[in-house]
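Data first, discussion second: the structure below is written as structure tokens.
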Amino acid sequence: MKYSLPSTSKLLDKAFTFGVATASFQIEGASESRLPCIWDTFCATAGKVRDGSNGDVACNHYNLWQQDVELISSLGVDAYRLSISWPRVMHKDGSLNPQGVNFYIGLLDALNAKGIKPFVTLYHWDLPQHLEDNGGWLNRETAYLFRDYADKITQALGDRVYSYATFNEPFCSSYLGYEVGIHAPGLAKKSYGRQAAHHILLAHGLAMPVLQKNSPHSLNGIVLNFTPAYPLTDSEADNTAAKLADEYFNQWYIKPLFDGAYPDSFALLSDEDKPVIHDGDFDIMQAPLDFLGVNFYTRTVYQAAAGKPFAEVDMLDAPKTDMGWEIYPQAFTDLLVSLHEKYALPPVYITENGAAMPDKLLNGVVNDQDRIGYYQMHLTAVHNAIEQGVNIDGYFAWSLMDNFEWAEGYLKRFGIVYVDYATQQRTIKNSGIAFKTLIGSR
Ligand code: PNW
């Protein structure tokens with residue numbers, strides 16, 4: 001039960017940051033002590049979450065946070081990535097809610113006391129419902145309200161935070177939430193997805209200078225997810241399909257931040273699908289970043305198709321996780337190298353990587369050999385990218401513990417710690433023991 005890397009690997013330097021990650025809605029529970037958010041509403045809508053569950057209790061981390069800090073500390077990690085629940089720390093009138101703020105102050109103080117660096121994401125999908133009622137990310141005003149939230153919360157948290165990310169995965173919030181509707185708020189229109197993305201990237205750009213001013217010593221940036229697109233064959237048609245898919249699902253969310261423009265295939269959008277863009281928006285979006293967070297899980301294969309730019313291919317015989325996501329670690333190395341070649345990147349942190357597996361707790365043990373295999377291959381993929389010149393300073397496992405996996409509810413387990421939801425008992429899985437051993441071996 002051990003991950004192995006070449007003894008000279010940068011991953012084994014003490015300066016390389018190893019951490020575990022979570023997000024507010026997925027673990028906190030205690031929904032009664034905050035404002036409602038779009039995921040509460042989505043969960044309450046029949047047919048949206050597979051097991052009909054919600055985030056009312058989740059891992060009860062809001063009440064169990066002290067033991068969870070002990071758990072994180074027992075893993076020996078350098079850092080813990082968490083997110084702040086906007087509806088927990090702000091009232092409807094835009095003033096801070098001291099009860100919510102004090103929860104995070106207590107948590108951050110406990111982490112710092114243990115020498116664990118807090119990596120804080122300001123938006124991991126839990127938009128206050130009252131803002132959605134006013135148009136949510138389709139309303140440009142929401143970007144300015146996000147800046148205001150970022151301003152107030154970063155002032156309140158003072159110097160407790162090692163790193164701030166504005167957003168987690170603008171792709172998921174805009175595409176899954178507003179374009180295909182499988183995430184909250186469940187809207188499904190192409191123009192909505194593209195407009196929501198534009199406003200989220202704008203909100204990011206508006207907040208960045210505020211973070212730099214209020215928290216000049218933290219590493220401030222954004223977290224993006226990538227699902228690299230591969231052609232099924234090396235035909236020109238399949239290559240074109242994969243390139244268009246890559247622009248639509250990946251480059252769309254990063255190119256504006258570094259190049260101040262959407263990809264070329266923006267021109268293929270019909271006029272009604274194009275987002276409303278104001279003069280100066282791309283200048284705002286290009287605010288310099290101290291770090292880029294990269295989340296990686298899988299790749300997608302595409303082929304050419306009649307009547308549409310690309311068609312996804314299900315790789316039927318390929319190894320897959322419990323999400324049905326193909327296990328293809330070479331795509332992780334390829335992705336990191338290609339981002340490094342395309343953009344003038346700041347230091348990169350892998351802010352999420354991991355796998356859902358059908359875990360079983362037997363006699364107090366979770367022997368998750370498949371997850372151990374996934375981590376071994378993906379840590380090696382990160383090592384290989386570093387060898388090829390990519391500047392990567394850290395790696396976070398998704399997730400610290402099993403939690404509310406969005407539209408899959410509690411059916412999918414991503415943790416390196418097992419959660420028995422009936423008792424809220426946590427058990428470190430064998431993949432977690434291996435992670436601890438790797439970190440301790442440096
Ligand atoms: C990420 N996709 O979500 C999130 O940041 C986590 O909150 C989540 O639990 C984790 O990955 C596992 O799903 C994603 O469809 C959800 O490409 C969907 C996609 C990517 C990331």
Side-chain angles (χ1 to χ4, degrees), residues 19-28 37-39 42-43 48-50 53 55 58-59 61 80-85 119-127 165-184 186 193 197 200 222-230 245-246 248-254 293-302 312 314 320-328 331-332 335 349-357 371 374-375 378 396-417 419:
V20 286
T22 63
S24 48
F25 190 86
Q26 295 180 273
I27 65 164
E28 285 179 2
C37 75
I38 57 175
W39 271 92
F42 194 71
C43 290
K48 296 296 186 185
V49 173
R50 202 177 294 269
S53 64
C59 306
H61 171 73
Y80 173 54
R81 176 171 177 246
L82 64 128
S83 80
I84 287 179
S85 165
F119 279 62
V120 171
T121 302
L122 295 178
Y123 187 87
H124 200 126
W125 310 356
D126 36 8
L127 185 73
T166 53
F167 284 85
N168 178 70
E169 304 184 342
F171 160 84
C172 289
S173 293
S174 58
Y175 180 78
L176 301 180
Y178 289 85
E179 190 160 332
V180 291
I182 61 175
H183 278 187
I200 289 171
I222 189 171
V223 171
L224 304 177
N225 66 299
F226 296 91
T227 306
Y230 286 73
D246 181 55
Y248 201 72
F249 297 120
N250 298 315
Q251 309 306 326
W252 204 274
Y253 306 90
I254 183 170
V294 171
N295 295 352
F296 173 88
Y297 291 93
T298 187
R299 70 157 180 175
T300 309
V301 175
Y302 293 93
E312 192 175 326
D314 188 353
K320 290 180 179 156
T321 69
D322 205 29
M323 295 293 281
W325 295 351
E326 184 185 359
I327 300 173
Y328 194 81
F332 201 3
L335 164 71
Y349 283 75
I350 307 306
T351 33
E352 288 180 25
N353 177 234
M357 294 292 174
R371 184 177 290 103
Y374 182 97
Y375 276 120
H378 288 77
F396 290 76
W398 183 271
S399 172
L400 163 66
M401 58 183 159
D402 298 335
N403 58 50
F404 176 77
E405 179 48 35
W406 308 114
E408 302 292 327
Y410 297 95
L411 299 173
K412 305 294 183 214
R413 295 179 175 272
F414 271 93
I416 62 172
V417 172
V419 176

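Keep in mind that the numbers below use all heavy atoms, side chains included, and drop hydrogens, waters and symmetry copies. Here, residue 1 is the first one in the sequence, and each next residue gets the next number. In listed order, ligands and their atoms are each counted from 1. Computed from a predicted model, the values in this text were never measured in an experiment.
Using a 3.5 Å distance cut-off with no hydrogens or angles, the side chains of Tyr297 and Glu352 do pair a donor with an acceptor. For the residue pair Ser24/Asp126, the side-chain donor-acceptor check at 3.5 Å is satisfied. Judged purely by distance below 3.5 Å, without hydrogens or angles, the side chains of Asn353 and Tyr374 pair a donor atom with an acceptor atom.
Ion pairing between Lys320 and Asp314 holds under the 4.0 Å rule for side-chain N and carboxylate O.
Taking atom 2 (N) of ligand 1 as the reference point, the nearest protein heavy-atom neighbour is Phe171 CE2, 4.2 Å. Looking at atom 14 (C) of ligand 1, its nearest protein heavy atom turns out to be Glu169 OE1, 3.5 Å. The protein non-hydrogen atom at the shortest distance from atom 15 (O) of ligand 1 is Leu176 CD1, 4.1 Å.
Against a heavy-atom cut-off of under 4.0 Å, Trp406 is close to the following atoms of ligand 1: 6 (C), 7 (O), 8 (C), 9 (O). Close approach of ligand 1 to Glu405 is summarised as follows: ligand atoms under 4.0 Å from at least one heavy atom of the residue are 8 (C), 9 (O), 12 (C), 13 (O). Within ligand 1, the atoms closer than 4.0 Å to a non-hydrogen atom of Tyr297 are 10 (C), 11 (O), 12 (C), numbered from 1 in the order shown. For ligand 1, the atoms closer than 4.0 angstrom to any heavy atom of Thr227 are 17 (O). Near Asn225, the atoms of ligand 1 lying under 4.0 angstrom from a non-hydrogen atom of the residue are 20 (C). Near Cys172, meaning under 4.0 Å from one of its heavy atoms, ligand 1 places the atoms 14 (C), 16 (C), 18 (C), 19 (C), 20 (C), 21 (C).
The distance criterion of under 3.5 Å between nitrogen or oxygen atoms is not met by Trp125 with respect to ligand 1. The shortest N or O to N or O distance between Trp325 and ligand 1 is not under 3.5 Å. In terms of polar-atom proximity, defined here as any N/O pair under 3.5 Å, His183 makes no such contact with ligand 1. The shortest N or O to N or O distance between Glu352 and ligand 1 is under 3.5 Å.
Judged by a 6.0 Å distance limit and a 45° cone about the ring axis, Arg81 is not positioned over the six-membered ring of Phe396.
Of all heavy-atom pairs spanning Ala58 and Tyr410, the tightest one is CA-OH, 3.0 Å.
With a 4.0 Å heavy-atom cut-off, ligand 1 is reached by no atom of Ala356. When non-hydrogen atoms are compared, ligand 1 lies under 4.0 Å from neither the backbone nor the side chain of Asn403.
The aromatic rings of His183 and Trp125 lie tilted to each other, with the angle between the two planes from 30° to 60°. Between His378 and Phe296, the ring planes lie tilted relative to each other; the angle falls in the 30° to 60° range. Using bins of under 30°, 30° to 60° and over 60° for the plane-to-plane angle, the ring pair Trp39/Phe42 lands in the perpendicular bin.
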From CA spacing to verdict: side chain to side chain contact (heavy atoms under 4.5 Å, CB included), Val20, Tyr80: CA-CA 5 Å; Val20 286; Tyr80 173 54; 4.0 Å; yes
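Under the 4.0 angstrom criterion for non-hydrogen atoms, His124 is in contact with ligand 1. Phe249 does not count as a contact of ligand 1, since none of its heavy atoms falls under 4.0 Å from the ligand. Residue contact check for ligand 1: Ala23 places no non-hydrogen atom closer than 4.0 Å to it.
If you run side chain to side chain contact (heavy atoms under 4.5 Å, CB included) between Thr227 and each of Thr300, Asn295, Asp246, Leu335, only Thr300 comes through.
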